[in-house]
Amino acid sequence: MAVDMELDGGGDGKGKAPPQISLPGLFLACMVAGGVQYGWALQLSLLTPYVQTLGIPHALTSVMWLCGPIAGLIVQPCVGLYSDKCTSSLGRRRPFILTGCIIICISVIVIGFSSDIGYALGDTTEDCKVYRGPRYHAAAAFILGFWLLDFSNNTVQGPARALMADLSGESWFPFLMTRACCEACANLKAAFLVAVVFLGLSTAVTMVFAREVALDPVAAAKRNEGEASGPLAVFKGMKNLPVGMPSVLIVTGLTWLSWFPFILFDTDWMGREIYHGRLDGSPAEVAAFQEGVRQGAFGLLLNSIVLGISSFLIEPMCRRLGARAVWVMSSAVVCVAMAAVSVLSAWSLGDFGGSVQDAARAPAEEGGVRASALALFVFLGLPFAVLCSVPFAVTAQLAASRGGGQGLCTGVLNISIVVPQMAIALGAGPWDELFGEGNIPAFAMASVFAATAAAAGVVLLPKVSVRSVSMAGGH
């Protein structure tokens, strides 16, 4: 949606308006978001199952994801604030985007080659086709790269969002297989190497087409004179948030609490509950788990297609119904979907209690269950499109209504995303373990959070003029 008021996004510090940009130009200028999303997709679809092959138990995999919320809590608000004030000749956002993308490339290479690094450091001398024990050096390298990736993703993502508001089976590559890295590992390695290429190309396009007007250093110095710097400036800025922003933060937090169990465990859920696989079981059970992960990744592909198509529907929906109504309805849809995931899991296992692993061989109507699971991935595409756009659009409009500061506002909004992620990362694994080491309890809890988010949205969300909302967002 076009922004019909002047934003504090690309001026030179002297009141000059940001350069006008066409819709195709905006797409090219924000191309880097696509590269970042590719990296996110790899993390969310592949890494929870893969890290378990290195010796990290299922109950602890959610803790690994603490890096995301910690990075978002610290990095995005600070980077957003500093990018609002950056006086580089490249503009305010692009220096952070470029630096973050270079670090992303380094981190994904570390992740992709973690098994080889662990092998070189002495995890084992056996071939990966026969060795099934823990690989702690590889796990350490993996977690280091994983955390670095999330920190750099957040470095890019905040300025990229602000820039949008400113402007408006067999191994894929057999040669990657080594004695430390078999088929699944080689596929992961290849995927992350593709991520390096894709991110590099998309970054180059953004750097060329995002023609920012540099902020005048003298004017910026006068405006910022006497202001606090560093993280303290972020907390000081939070005291002056636009009217309605605290309510947006609360509803955003509840909304993400309803999404993170599925986001973190979707492919693991397909491998365990739907395909009845296990990584520490027989070869047939390992193969079943891996097939479930592949089908889950395919489900995420279908989800992304629906999300992309649905993105074009968000604007007319918001114009007709209002952003608040669209947001509330999406939470209600998620409530139903998460409840359906829980019921479908119990149906697939043929057991409403006990351990998932004990029930892994229970008979199930596999065709109908698996088709229903894929249908849920598709069904969730529309509410995910709302999640990735409407909260950020409302935030951008609230910031614009008080004269700017999109970088800081989107960074602060990210706090209401990462705090729920920290809660899920710390609690989901132990919570699921209490009920048999599966994912069903976390999904049931997500349904409750979604219902709470819908109720809170009705009561708390401000009415925003849809006419001037900027649809900029993405996770």
Side-chain angles (χ1 to χ4, degrees), residues 40 43-45 48 62 65-66 68-69 72-73 247-270 273 296 299-300 303-304 306-307 310 314 323-346 373 375-395 413-432 435 438-461 473-475:
W40 280 121
Q43 280 186 280
L44 298 174
S45 62
T48 294
S62 62
W65 287 90
L66 275 175
L73 187 65
S247 296
V248 171
L249 297 179
I250 293 172
V251 179
T252 299
L254 290 170
T255 304
W256 279 98
L257 278 172
S258 68
W259 271 98
F260 272 124
F262 188 80
I263 289 173
L264 299 186
F265 298 117
D266 43 21
T267 54
D268 187 77
W269 167 67
M270 286 288 281
E273 278 88 345
L300 289 174
N303 178 279
S304 297
V306 174
L307 188 155
S310 302
I314 303 302
R324 179 172 64 178
V326 171
W327 192 344
V328 168
M329 287 189 297
S330 73
S331 293
V333 169
V334 173
C335 174
V336 174
M338 291 300 107
V341 168
S342 303
V343 173
L344 185 63
S345 300
L376 278 171
F377 277 90
V378 176
F379 180 71
L380 285 167
L382 176 58
F384 199 60
V386 175
L387 179 73
C388 292
S389 56
V390 173
F392 302 99
V394 173
T395 297
L413 180 69
N414 201 62
I415 294 176
S416 65
I417 299 174
V418 300
V419 171
Q421 186 176 353
M422 292 176 69
I424 298 300
L426 287 171
W431 174 255
D432 285 339
F435 293 90
N439 299 304
I440 301 175
F443 292 142
M445 183 172 58
S447 181
V448 175
F449 282 128
T452 306
V458 172
V459 176
L460 298 177
L461 284 177
H475 178 55

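Just so you know, residue 1 is the first one in the sequence shown, and it goes up from there.
For the atom pair OG1 (T252) and CD1 (I415), the distance works out to 12.0 Å, reported to the nearest 0.5 Å. The distance from the CG atom of L380 to the CG atom of L300 is 10.0 Å, given to the nearest 0.5 Å. Here the CZ-CD1 distance, from F384 to I263, works out to 4.5 Å after rounding to the nearest 0.5 Å.
Proximity of a side-chain donor or acceptor of T452 to a complementary backbone N or O of V448 within less than 3.5 Å is detected. In this structure a side-chain-to-backbone donor-acceptor pair under 3.5 Å is present from S342 to A444.
For F449, there are no ring-ring contact (aromatic ring centres under 6.0 Å, His included) partners, not counting sequence neighbours. Qualifying side-chain contact (heavy atoms from CB on, under 4.5 Å) partners for S330, counting only residues two or more places apart in sequence or in other chains: W327, P383, V386. Partners of A453 by side-chain contact (heavy atoms from CB on, under 4.5 Å), not counting sequence neighbours, listed by chain and number: L254, T255, S331. Remark: A446 engages P261, M338 in a side-chain contact (heavy atoms from CB on, under 4.5 Å) (not counting sequence neighbours). In this structure, F379 has no ring-ring contact (aromatic ring centres under 6.0 Å, His included) partners at least two apart in sequence or on a different chain. In this structure, V336 has no side-chain contact (heavy atoms from CB on, under 4.5 Å) partners at least two apart in sequence or on a different chain.
The two atoms that bring S447 and C335 nearest to each other are OG-O, 2.8 Å, heavy atoms only. The shortest non-hydrogen separation linking A423 to L257 is CB-CD2, 4.3 Å. Heavy atoms only, all atoms of each residue included: A323 and V394 are closest at CB-CG2, 4.1 Å. In terms of heavy atoms, M445 sits closest to I424 at CE-CD1, 4.4 Å. Looking at every heavy atom in both residues, G296 comes nearest to M270 through CA-CG, 3.8 Å. Closest heavy-atom contact between V328 and A454: CG1-O, 3.7 Å.
Taking the six-membered ring where tryptophan is involved, the planes of F260 and W256 are tilted, since the angle between them lies from 30° to 60°.
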_Stepwise side chain to side chain contact (heavy atoms under 4.5 Å, CB included) test for L249 and L413_ = CA-CA 6 Å; L249 297 179; L413 180 69; 4.0 Å; yes
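Contact of the L376 side chain with the L344 side chain is registered, since non-hydrogen atoms from C-beta on lie closer than 4.5 Å. Counting only heavy atoms from C-beta outward, the side chains of N303 and V378 never approach each other to under 4.5 Å.
A distance below 6.0 Å separates the ring centres of F262 and F377.
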